[in-house]
Visitor: 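The structure follows.
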Amino acid sequence: MILKGSCRTNGSDLATHLMNGYDNERAELGEVRGTIADDLHGAFAEIELIASGTRAQKPLFSLSINPHEALTREQYFEAIDAIENKLGFAGQPRAVVFHEKEGREHCHVVWSRIDPESMKAIPDSFYKARLCDMAVVLAEKFGHELPEGLKQWRDKNRELGDKLEPSLAETVNAKKTGITPEQRREEITSCYAQADSAAAFVNALEEKGYVLAKGDSRAFVVVDRFGDVHSLSRYVKGVRAKEINARLSALDANGLPSVDQAKDLAKARLAAQEERLREQQDVQHDHQHDDRSHDRRDQYDQQDHHGDQHDDHDRHQRSIDEKRAAMEQAQHARRLEFVQAEQELLTRHQDEKLSLDAAQIAESGGLLFRMRARVAELIDTRPALRSVLGHITEKVGLDPRDRHRMEQEALARRHGRERLALAGKKRSMEKIEQRENASLERDLKREALQRMLRQEQLRAAEKAQGLEVRESSAEAEFLRTDPRLLEEGAFGREFNEEASASAEDTQGEEGEGEDNGGRKSRRSWKQRGQDKGHKHGRGRGKGYGYRRGE
């Protein structure tokens, strides 16, 4: 059983992350305790509102429970209660979320660290050691086998481990780039082990796409090809930071780039790599155009090769369409469930209002009601009687019309609270959908980057073997425009441009023709591209995609 915890802030982002249905096969809200709201966004907002009266900067404590073997819900909550008592969060507001990913279920628990009586944050000192102790206790209690790290902890043997536990930032980076922290650690460790000097280590890192830089808070850091910064001592296996600094002391600190300079250098290298890839595609396009005059046998061979690449491209496009369709279907089901709950709430409100009105109307027609109302009205209109009996009539509730008014106001307040809570759930659902869309966009960017790098490695290998590199025009066109997908918000901009262009088409433009039905004909992509100032390729045939930078 692996227990990983951390103090957190920004409860809205945490709630959106926990309810993200795209990154998890299933996200189930198991429990919300100690708050008025019954959803994560509302519950965390209440906790942060209470924390605003304290000096606590991180009022939430987030814990993930990842068991090695399946647990029942009773065992999960038994473990949660035991951990809660160990950390000192007994009785604190909490939320429990169950995730299922790759067929395995794990659990997330979030507690409030704010004690409402003392209005102080509960200390989190040595929480990692406490979690390790609880992991050992719970694993032995449920009969689970301890991993090697927890065995060492149990035996009080704190040696330098070989396994790298990824942090939250490293997990996000792995999702974005497709490179796990362990893979990056193996690359950097191999560079360090094979280099016989500090300069050779720097050159080996550059061959792998890394830049050694002078850190702001550390002596040395590495910047990968995507511009992300990593601690050097963390990614050299089995070597302590003191030994690394001693070995690299021969380097001139002033000669190393700063972190910002290393980021700019990495981005420039990536841009140059993309430009080289586009130039190679142009040369290959020309070569394919000239090969059309070759004999029939070579053409058949080339068509078979192109057909395979066409199939690969079609499979990739179908995969993208399937992912989008699956996410849209899940979001549609969630929205439909919310709409049904909203309709049920509004119907119940209407029934309760009609029932109360009918009951009050029926009561107001009775003799006792009219008599009490008349007496109360007489006392209210006579100053002498009001001065003597006014406070008595208010205490005993002589006027039944006041009771009717208070019942109507109480019902309206309750309905308002329920509508407000429903609106909060709607905002939460919109945030979750935005996060799911961003996760899909991130995965598509990562896949596009990996395809581009694999294609470039394949070309380099074929070129080294003296083979002739050929590819279909469809594949070349895909790879030509593919680097645009690596930009932030590229999918959103493409969608907005297409939507705005479609809107302009429906409104009609000057110079557009009409079809037989009298409707405006849609302008082609080529015409819309010319209107926006896009240019074609260098004039070597038709069907070339738009080129950036011209």
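It should be emphasised that the depicted structure is a prediction, and the values quoted were computed from it without experimental measurement.
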Visitor: Are a donor atom and an acceptor atom from the side chains of K120 and T54 found within less than 3.5 Å of each other?
Guide: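 No donor-acceptor contact under 3.5 Å links the two side chains.
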
Visitor: Applying side-chain contact (heavy atoms from CB on, under 4.5 Å), run through L63 and K4 and close with a yes or a no.
Guide: CA-CA 6 Å; L63 172 71; K4 297 181 65 176; 5.8 Å; no

Visitor: Looking only at atom types and distance, does a side-chain atom of E100 sit under 3.5 Å from a main-chain N or O of H106, one as donor and one as acceptor?
Guide: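 Side chain of E100 to backbone of H106: no pair is present.
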
Visitor: Working to the nearest 0.5 angstrom, can you tell me the gap between L346 CG and D351 CG?
Guide: 11.0 Å

Visitor: Hey, is the main chain of I36 close enough, under 3.5 Å, to the side chain of E46 for a donor-acceptor pair?
Guide: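 Present.
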
Visitor: With a 4.5 Å heavy-atom cut-off, do F142 and L71 have their side chains touching?
Guide: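 A side-chain contact exists here, since the closest heavy-atom pair is under 4.5 Å.
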
Visitor: Let me confirm one number: the CZ-CG distance from R324 to N437, rounded to the nearest 0.5 Å.
Guide: 8.5 Å

Visitor: Taking all atoms of both residues into account, what is the closest heavy-atom pair of F89 and S112, and its distance?
Guide: CD2-O, 4.5 Å

Visitor: Rounded to the nearest 0.5 Å, what separation is found between the SG atom of C132 and the CD1 atom of I2?
Guide: 8.5 Å

Visitor: Any non-hydrogen side-chain atom of K353 less than 4.5 Å from a side-chain atom of Q408?
Guide: yes

Visitor: Can you measure from OG (S125) to CZ (R130) and round to the nearest 0.5 angstrom?
Guide: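 It is 7.0 Å, given to the nearest 0.5 Å.
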
Visitor: Quick check: are there more than 12 heavy atoms from other residues, nucleotides or ligands sitting under 6.0 Å from CD of E363?
Guide: yes

Visitor: Using atom types as modelled and distance alone, determine if a side-chain donor or acceptor of R94 lies under 3.5 Å from a backbone N or O of V32.
Guide: no

Visitor: Do E25 side-chain atoms and E102 backbone N/O form a donor-acceptor pair below 3.5 Å?
Guide: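 Here the side-chain-to-backbone pair exists.
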
Visitor: Does any part of the side chain of V96, heavy atoms only, come nearer than 4.5 Å to the side chain of I80, both counted from C-beta?
Guide: yes

Visitor: Under 3.5 Å, side chain of R104 to main-chain N/O of P67, donor-acceptor pair present?
Guide: yes

Visitor: Please check if the side chain of E105 supplies one atom and the backbone of F98 the other of a donor-acceptor pair under 3.5 Å.
Guide: no

Visitor: Got more than 12 heavy atoms from elsewhere within 6.0 Å of CD, Q350?
Guide: no

Visitor: Given salt bridge (Lys or Arg N to Asp or Glu O under 4.0 Å), test D38 with K425 step by step and report yes or no.
Guide: CA-CA 9 Å; D38 58 355; K425 293 181 179 180; 3.3 Å; yes

Visitor: Applying salt bridge (Lys or Arg N to Asp or Glu O under 4.0 Å) between R73 and each of E28, E31, E78, report the one that passes.
Guide: E28

Visitor: Ignoring hydrogens and angles, state whether a donor on the side chain of Y235 or E187 is under 3.5 Å from an acceptor on the partner side chain.
Guide: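 Per modelled atom types, Y235 and E187 side chains form no pair under 3.5 Å.
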
Visitor: Would the distance check show the side chain of Q183 and the main-chain N or O of T180 forming a donor-acceptor pair, the cut-off being under 3.5 Å?
Guide: yes

Visitor: Heavy-atom distance under 4.5 Å between the side chains of I188 and L232, does that happen here?
Guide: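 They are in contact (side-chain heavy atoms under 4.5 Å apart), so the answer is yes.
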
Visitor: For K431 and S12, what are the C-alpha separation, side-chain angles and deciding distance, and is it a side-chain contact (heavy atoms from CB on, under 4.5 Å)?
Guide: CA-CA 9 Å; K431 292 180 180 179; S12 177; 2.9 Å; yes

Visitor: Within a strict 4.5 Å, meaning less than it, do heavy atoms of the I47 and W111 side chains meet?
Guide: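 With C-beta onward as the side chain, the pair stays apart.
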
Visitor: Side-chain contact test, heavy atoms from C-beta onward, threshold under 4.5 Å: evaluate it for L411 versus E409 and give yes or no.
Guide: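 Of all side-chain heavy-atom pairs linking E409 with L411, none is under 4.5 Å.
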
Visitor: Looking at R335 and E433, is there a salt bridge between them, counting it only when a charged N and a carboxylate O are closer than 4.0 Å?
Guide: yes

Visitor: Which residue in the set R184, K208, K263 passes salt bridge (Lys or Arg N to Asp or Glu O under 4.0 Å) when paired with D224?
Guide: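 The option that passes is R184.
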
Visitor: Of all heavy-atom pairs between G5 and L131, which one has the smallest distance, and what is that distance?
Guide: N-CD1, 3.7 Å

Visitor: Is the distance from the ring center of H144 to that of H68 below 6.0 Å?
Guide: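 H144 vs H68: aromatic centres not under 6.0 Å.
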
Visitor: Please check if the side chain of D39 supplies one atom and the backbone of G42 the other of a donor-acceptor pair under 3.5 Å.
Guide: yes

Visitor: Tell me if the CZ atom of R26 is crowded by more than 12 foreign heavy atoms within 6.0 Å.
Guide: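 Counting neighbours around CZ of R26, more than 12 heavy atoms of other residues, nucleotides or ligands fall under 6.0 Å, so yes.
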
Visitor: Would you please test R33 and E84 for salt bridge (Lys or Arg N to Asp or Glu O under 4.0 Å) and show each step?
Guide: CA-CA 13 Å; R33 183 191 74 184; E84 179 178 283; 3.1 Å; yes

Visitor: Are the side chain of Q343 and the backbone of Q340 linked by a donor-acceptor contact shorter than 3.5 Å?
Guide: no

Visitor: Working to the nearest 0.5 angstrom, can you tell me the gap between L420 CG and H415 NE2?
Guide: 14.0 Å

Visitor: Mind checking the NZ-NE2 spacing from K426 to H41? Nearest 0.5 Å is all I need.
Guide: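 So the NZ of K426 and the NE2 of H41 are separated by 15.0 Å.
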
Visitor: Does E328 pair with R334 as a salt bridge, N-O distance under 4.0 Å?
Guide: no

Visitor: Which heavy atom of M119 sits nearest a heavy atom of I50, and at what distance?
Guide: CE-O, 3.5 Å

Visitor: Less than 4.5 Å apart, any side-chain heavy atom of R113 and any of D124?
Guide: yes

Visitor: Say whether D115 and Q92, considering side chains only, have a donor N or O and an acceptor N or O under 3.5 Å apart.
Guide: no

Visitor: Between R348 and E344 (salt bridge meaning N to carboxylate O under 4.0 Å), is one present in this structure?
Guide: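 E344 and R348: not salt-bridged.
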
Visitor: Less than 4.5 Å apart, any side-chain heavy atom of K323 and any of L440?
Guide: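 SC-SC contact between K323 and L440 confirmed.
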
Visitor: Taking all atoms of both residues into account, what is the closest heavy-atom pair of S62 and R8, and its distance?
Guide: CB-CG, 3.9 Å

Visitor: Taking R435 for the side chain and T16 for the main chain, is one N or O donor matched with an acceptor at less than 3.5 Å?
Guide: no

Visitor: Check the angle between the aromatic planes of F61 and Y127 and answer parallel, tilted or perpendicular using the 30° and 60° thresholds.
Guide: perpendicular

Visitor: Check the pair D228, V223 against side-chain contact (heavy atoms from CB on, under 4.5 Å), reporting the backbone distance first and the verdict last.
Guide: CA-CA 5 Å; D228 295 321; V223 180; over 6 Å; no

Visitor: Just say parallel, tilted or perpendicular for the rings of H108 and H17, cut-offs at 30° and 60°.
Guide: perpendicular

Visitor: Please find the pair of heavy atoms, one from A79 and one from L138, that lie closest to each other, and give the distance.
Guide: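 So the two residues come closest at CB-CD1, 3.8 Å.
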
Visitor: With a cut-off of 6.0 Å (strictly less than), are more than 12 heavy atoms of other residues, nucleotides or ligands near CD of Q57?
Guide: no

Visitor: List the steps and the verdict of side-chain contact (heavy atoms from CB on, under 4.5 Å) for E436 and S439.
Guide: CA-CA 5 Å; E436 291 174 347; S439 299; 5.5 Å; no

Visitor: For a quick test of reading the model, state the closest non-hydrogen atom pair linking A135 to L3 and the distance between them.
Guide: N-CD1, 3.7 Å

